[in-house]
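These notes are about the structure you will find just below.
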There are 2 protein chains.
Amino acid sequence: MSTVRLLVLGSILRKGISHGYAVFSDITSWRADTWTNVKPGSIYHALDKLESQGMIRSVNSEINVKLGPSRKEYAITQKGGSEFIALLESALVSVDIQQLSVGIAFMDMLPRQRAIGLLQQCRIALERSIHFLKSLPTDERPTDPSKHPELVGIWVNYVENEAATTERILVNVQAGKYEFKSDLLEGE
Amino acid sequence: MSTVRLLVLGSILRKGISHGYAVFSDITSWRADTWTNVKPGSIYHALDKLESQGMIRSVNSEINVKLGPSRKEYAITQKGGSEFIALLESALVSVDIQQLSVGIAFMDMLPRQRAIGLLQQCRIALERSIHFLKSLPTDERPTDPSKHPELVGIWVNYVENEAATTERILVNVQAGKYEFKSDLLEGE
DNA sequence: GTATATCTAATCAAATTTGAATACCAGAGG
DNA sequence: CCTCTGGTATTCAAATTTGATTAGATATAC
């Protein structure tokens, strides 16, 4: 699963009503040179797809009429809301750093406890992955690339680093850092 | 650029003559649960494309006739050899860990000095990336996801880790570790 | 000896992504 | 007022990737 749908739904949700170009500039402004190399084409495709699936519906808030050619504006439907949550939850347990990142970006849309639970699951998955990677045989004069010590090393490092990062976030979230949607309802 | 072409060319080069399924099992056996989630379809597509571009040509070494349905076998052409080198060099300077990994897997097909040069370039690019990421503003109560400290943190960590890994490999390669194609010609 | 699982090998339609192109509008400079 | 530049907004064809399916051959188990 790529992150485009999640990014698009999240971006629209944050704004209430949005359109392709706004989603695009949102997303690219969030870029860190590294993650999210999402191209405009993918976004418009995702929008069409999401609309045809009833996840978003087009609205026309004539409010924002200004600048340049006309836009198609969208809002999230109920179904789209559920889809967003589903995608978000699966991103937050992902071992893939791109997905995990997007999950972190939107984790505050979940109840804090739920986010904690998912991050813990993620931790466990990462541990398993480390264990697996460390079990791979290596060879200083590898017959095939898979046995190259540096190659295995890269991935052990990568996953260990991600595990540490996840752990740190988990600790912060558990300690009450950052504002979660749920905090507003119960706390205060 | 994805890594499929590089992986396919590299796999065929290592074997001399190969076919789709062999490339596929090669690649998946090299998997580390993490990288290279390359599906069969992509490989066969890449093979067709590479053949139509004259990078590989089909041969039939009736030598390996055994087991299961019949295969289409391929060998690398001169043009394909150059393409392989080009892809390999660009992978070795990539900041993307998937690409860098594949680059490491095949770096021994370059002269040692060339690999060192490319890894140094990669190091520099990573430093620049770290510098950029660290310059991004963050906010404990972020208005948009890009300012989330954890999100920026993930990427700083990720790139720093990759820089450290690259440095380590560089040191090893400079110290004469691993066998490079070029070593056989000059050394000994 | 015969069903059945498993490994080998490839294909294909559908979905997605890429990259380039198009078009609209506003402001700046001559 | 006219043209050029740059930001806004979307579209589209072509390329690639995905996921499921097909299918041959061999081994296994009954």
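Chain naming here is simple, since letters A, B, ... match the order of the sequence lines and numbering starts at 1 in each.
A donor-acceptor pair is defined here as one N or O able to donate and one able to accept, closer than 3.5 Å; no such pair exists between the side chain of A:T36 and the backbone of A:V38. Between the B:T77 side chain and the B:G80 main chain, a donor and an acceptor come within less than 3.5 Å of each other.
Between the P atom of C:dT16 and the CG atom of A:L6 lies a distance of 15 Å, rounded to the nearest Å. One can place CG of B:D48 at 7 Å from P of C:dT11, the figure rounded to the nearest angstrom. Summarising the geometry, the separation between CG on A:L47 and P on D:dT10 is reported as 8 Å, rounded to the nearest angstrom. Here D:dT11 presents its P atom at 11 Å from CD of A:E51, a figure rounded to the nearest Å. Atom CG of B:L50 and atom C1' of D:dA15 are 13 Å apart (whole Å). In this structure, B:E73 atom CD and C:dT8 atom C1' are separated by 13 Å, rounded to whole Å. In this structure, CZ of B:F24 is placed 12 Å from P of D:dT18, rounded to the nearest angstrom. A straight line from CZ of A:R71 to C1' of C:dC24 spans 13 Å, rounded to a whole angstrom.
Residues passing the side chain to side chain donor-acceptor pair (under 3.5 Å) test with B:E167, sequence neighbours excluded: B:R123. Under the side chain to side chain donor-acceptor pair (under 3.5 Å) criterion, B:T166 pairs with no residue, sequence neighbours left out. Every side-chain contact (heavy atoms from CB on, under 4.5 Å) that A:V93 has, sequence neighbours left out, goes to A:L118, A:Q121. Applying the side chain to side chain donor-acceptor pair (under 3.5 Å) criterion to A:Q99, with sequence neighbours excluded, gives no partner residue.
Proximity of A:K72 to the phosphate of D:dT10: no side-chain N or O atom is located under 4.0 Å from OP1 or OP2. For D:dT17, one of the phosphate oxygens OP1 or OP2 lies less than 4.0 angstrom from a side-chain nitrogen or oxygen of B:S2. At the phosphate of C:dT11, neither OP1 nor OP2 sits under 4.0 Å from any side-chain N or O atom of B:Y44. Taking side-chain N and O atoms only, B:H45 has a distance below 4.0 Å to OP1 or OP2 of D:dT16. Under 4.0 angstrom from either OP1 or OP2 of C:dT8 there lies at least one side-chain N or O belonging to B:Y21.
The aromatic ring centres of B:Y44 and B:F24 sit 6.0 Å or more apart.
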Produce the list of close N/O pairs, under 3.5 Å, pairing protein atoms with atoms of nucleotides 19-21 of chain D; give distances to one decimal.
residue: D:dG19; atom: OP2; partner: B:K39; partner atom: NZ; Å: 2.9

What's the verdict on salt bridge (Lys or Arg N to Asp or Glu O under 4.0 Å) for A:E89 and A:R114, showing C-alpha distance, side-chain angles and the deciding distance?
CA-CA 9 Å; A:E89 298 200 334; A:R114 181 68 179 140; 2.8 Å; yes

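Nucleic acid contact class of A:V4 (heavy atoms, under 4.0 Å, all strands): sugar-phosphate only.
Between the side chains of B:Y158 and A:E162, no donor-acceptor pair is found at a separation under 3.5 Å.
Direction of the helix axis in the helix from C:dG1-D:dC30 to C:dG30-D:dC1 shifts by 10° between the two five-pair termini, rounded to 10°.
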